[in-house]
2 protein chains.
Amino acid sequence: MKKVYLKDIAKEANVSTALVSYVLNDRLTDRIKPETASRIKKIAERLNYTPDFLGKALKSQKTKTIGLILADLANPFSAQVARIIENKVSAYDNIVLIGSTDEKNENFKGLVTTFTNRQVDGLILLPTAHSENEIQRIHKTNIPYVLMDRYFPNKPYNFVVNDNHYTTYTAVKQLIKNGRKKIGFITLDIDLFHISERTRGYLDACKEANISTQKMIKKVNGNQLSIEVEQAIEELMYSCPDVDALLFSTNLLTLYGLKYAIKHKLQVPEVIEIMAVDKAEYYDIFPTPITYYKQPLEEMCNKAVQFLMSKIESNNSESIQEVIKGTLVIGK
Amino acid sequence: MKKVYLKDIAKEANVSTALVSYVLNDRLTDRIKPETASRIKKIAERLNYTPDFLGKALKSQKTKTIGLILADLANPFSAQVARIIENKVSAYDNIVLIGSTDEKNENFKGLVTTFTNRQVDGLILLPTAHSENEIQRIHKTNIPYVLMDRYFPNKPYNFVVNDNHYTTYTAVKQLIKNGRKKIGFITLDIDLFHISERTRGYLDACKEANISTQKMIKKVNGNQLSIEVEQAIEELMYSCPDVDALLFSTNLLTLYGLKYAIKHKLQVPEVIEIMAVDKAEYYDIFPTPITYYKQPLEEMCNKAVQFLMSKIESNNSESIQEVIKGTLVIGK
DNA sequence: AAATTTTGTTTAATCGTTTAAATAATTATA
DNA sequence: TATAATTATTTAAACGATTAAACAAAATTT
């Protein structure tokens with residue numbers, strides 16, 4: 001059961017480790033005597049040889065490893081992303097290192113350092129707020145990377161993201177179509193472009209329909225979501241008693257919104273309609289159907305991984321800036 | 001911005017790389033001239049040196065990496081475990097490799113191979129059904145490992161698990177205390193000891209209270225949970241129209257059970273009470289409170305990681321077999 | 001002043017692999 | 001039959017770190 005190395009095979013076959021390496025990597029095939037080659041291959045198989053990762057990686061300076069940095073693995077959105085990335089990446093015979101930032105910039109930096117020290121071949125980043133310096137630094141090195149979900153506007157950085165303006169724009173359009181006229185928007189008080197895009201989408205759709213947004217936007221800072229969402233909703237209902245729709249800009253906000261609705265027996269959707277950004281398994285256990293915007297996660301992850309892999313392989317100078325639209329899934 | 005190696009520092013300080021290594025690792029401190037040492041340290045700091053992971057790992061044969069193999073990262077239970085492990089492990093300056101088996105034994109084996117090839121220092125395993133051969137193999141090698149959540153009875157393997165008999169036993173006790181007399185049990189049709197323990201706990205509690213369990217257990221195989229759970233509940237209600245409680249043995253089963261309850265407007269808890277194994281954020285958006293058994297995840301992960309780390313460090317021959325009790329959280 | 005000890009640093013091997021260059025053995029060409 | 005060309009394999013350096021052993025210089029003891 002001892003681990004088998006090149007030199008074990010070499011000894012057994014009475015050849016040098018170099019030759020074994022050439023054979024097992026199918027190099028120099030036109031030079032090596034076919035019988036020698038097959039003899040070596042047979043021995044390798046019999047001894048169940050697998051190349052030592054560290055030796056190989058040190059020599060090749062490739063680790064076949066992708067680093068994935070996200071907000072919080074325990075959040076279903078992150079977990080979903082992680083799982084899809086895991087699948088895509090393993091199809092390329094690579095593996096994923098995952099790290100959670102808890103939205104803290106210092107953790108983000110720390111993880112980038114840890115991962116690059118470990119020589120990951122590429123990085124998939126869902127950056128924290130105010131991490132642009134770090135992104136810029138990464139961009140200037142030549143480690144392949146791509147931002148996902150979150151990004152920075154008007155910058156040359158690589159990204160693959162959801163169309164966040166479209167997200168809330170279509171959600172609001174649907175609410176209006178459903179006859180809603182006083183639409184509250186509950187979002188995060190966080191300095192991330194993709195979140196402010198969601199506000200912009202909401203505002204644009206309302207403006208187009210001549211719907212006032214005065215005092216209809218509530219931003220919660222996310223330290224105590226349960227309480228904050230409750231307060232936000234109550235403030236909203238106080239300043240606008242006839243609010244007839246609530247649009248939540250993330251999955252967690254929606255969760256707490258629904259909890260509130262249950263706790264306070266809101267009449268959903270008769271009096272007030274609830275609409276969500278992000279799919280969640282549990283919408284179905286809310287008594288009435290929830291319409292939600294489904295992010296194109298599969299496609300985003302696919303594009304991101306494909307881009308990284310091609311970059312890692314060819315070391316080209318290509319960049320990527322993709323904004324992908326998802327779909328509004330109507331609660332039935 | 002180029003990466004800095006020992007030799008860069010050595011060149012700058014006009015000494016050998018060996019000396020630099022000794023200084024930066026604080027070895028041979030009684031031999032090295034203090035001025036030389038501080039000169040080297042200063043240069044290392046100025047050049048922002050961090051040791052190359054691969055070089056170090058190859059030499060030391062330690063990767064400071066733990067492999068975590070679980071069922072499905074996208075499942076909240078798994079994600080929760082992964083996140084806690086990530087935290088615990090990073091406190092030891094290690095990182096985690098995560099892999100999902102999708103309950104397939106071949107994937108489990110593949111991941112074990114991948115991870116051991118990558119020289120992880122230890123393994124935390126939530127094994128698949130029928131993986132005992134593989135576990136036995138791992139047990140006989142001397143790679144530190146520990147089973148979590150799932151395990152094999154009467155075997156010398158290391159494990160840290162929830163008390164699954166207690167889990168359903170206390171849940172049923174509570175249901176009986178609540179006046180329930182016809183208690184259905186919905187569980188997975190999967191050959192995993194911890195799941196059959198949950199059945200045993202259910203049976204024992206019922207027997208003790210002289211409650212019949214005839215036709216009250218439904219096992220679903222998990223390929224199409226949504227449909228299967230629906231069928232299971234309907235069969236149960238058909239063969240026992242006055243069933244007054246449903247106990248679900250996993251979080252996903254509960255989710256689909258709650259969906260069913262909503263869809264078919266079950267009177268919960270007036271007519272039928274629902275009880276769950278595993279905590280879930282979304283119980284609060286079900287119209288009435290859900291009582292659930294909360295597994296001692298923190299404690300389990302803590303014990304598992306601590307055991308692994310001490311094993312890795314000291315290479316002792318200790319083993320661990322811990323069965324930990326969680327708590328029943330009463331829905332209020 | 002020679003021998004010994006202590007102090008400070010370097011050399012060289014090692015971890016397991018890859019690969020350019022060297023060498024050896026065989027066959028073809030002159 | 002010597003020489004060149006081809007075929008088959010080995011040597012040795014490299015990746016970046018660690019560390020036992022060797023060495024050199026200075027200080028101490030005889």
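Note that the structure is predicted; figures quoted are calculated from it, not measured. Each chain gets a letter, A, B and so on, in the order the sequences are listed, and its residues count up from 1.
- Aromatic ring centres of B/Tyr151 and B/His194 lie farther apart than the 6.0 Å criterion allows.
- Here C/dG16 presents its C1' atom at 8 Å from CD of B/Gln61, a figure rounded to the nearest Å.
- Inspection of the B/Asp191 and B/His130 side chains reveals an N or O donor paired with an N or O acceptor under 3.5 Å.
- To the nearest angstrom, P of D/dG16 lies 17 Å from CG of B/Asn25.
- We find that NZ of B/Lys62 is positioned 14 Å from P of D/dT18, with the value rounded to whole Å.
- In summary, the side chains of B/Asn105 and B/Thr128 do present a donor paired with an acceptor at a separation below 3.5 Å, with no hydrogens or angles considered.
- For A/Arg31, counting side-chain heavy atoms from C-beta on, the closest listed nucleotide (C/dA12, D/dT9, C/dG8) is D/dT9.
- Of the candidates C/dT19, C/dT9, C/dT10, C/dT19 carries the atom nearest the A/Ala18 side chain, counting heavy atoms from C-beta on.
- Between B/Ile69 and B/Ile124, every side-chain heavy-atom pair lies at or beyond the 4.5 Å cut-off.
- Closest-nucleotide positions on DNA chain D for B/Gly55 and B/Leu19 were compared, and the one nearer the 5' end corresponds to B/Gly55.
- Taking atom OH of A/Tyr49 as the reference point, atom P of C/dG16 lies 10 Å away to the nearest angstrom.
- Nearest nucleotide to the B/Leu6 side chain, out of C/dT11, D/dA17, D/dT10: D/dA17.
- Distance, A/Leu58 CG to C/dT19 C1': 14 Å, rounded to whole Å.
- Within the 4.0 angstrom heavy-atom criterion, base atoms lie near A/Tyr22.
- Taking 4.0 angstrom as the limit, A/Gln119 places none of its side-chain polar atoms (N or O) nearer than this to OP1 or OP2 of D/dG16.
- Across all strands, A/Leu54 comes closer than 4.0 Å to no nucleic acid atom at all (heavy-atom distances).
- Using a 4.0 Å heavy-atom cutoff across all strands shown, B/Lys59 reaches at least one base atom of the nucleic acid.
- As judged by a 4.0 angstrom heavy-atom cut-off over every strand, B/Ser60 is placed among residues making no nucleic acid contact.
- At whole-Å resolution of the value, CZ in B/Phe53 and C1' in D/dG16 are 13 Å apart.
- Atom P of nucleotide D/dT18 and atom NZ of B/Lys7 are separated by 15 Å, given to the nearest angstrom.
- Regarding A/Leu28, its CG atom lies at a distance of 15 Å from the P atom of C/dA22, rounded to whole Å.
- Distances were taken from every side-chain heavy atom of A/Tyr5 (C-beta onward) to each of C/dT17, D/dA8, D/dT18; the shortest belongs to C/dT17.
- For C/dT18, the OP1/OP2 oxygens have a side-chain nitrogen or oxygen of A/Ser21 closer than 4.0 Å.
- Comparing B/Thr36 and A/Asp52, the nucleotide of DNA chain C nearest to each residue sits closer to the 5' end for B/Thr36.
- Two residues are said to be in side-chain contact when any heavy atoms from C-beta on lie closer than 4.5 Å; A/Asp121 and A/Thr65 fail this criterion.
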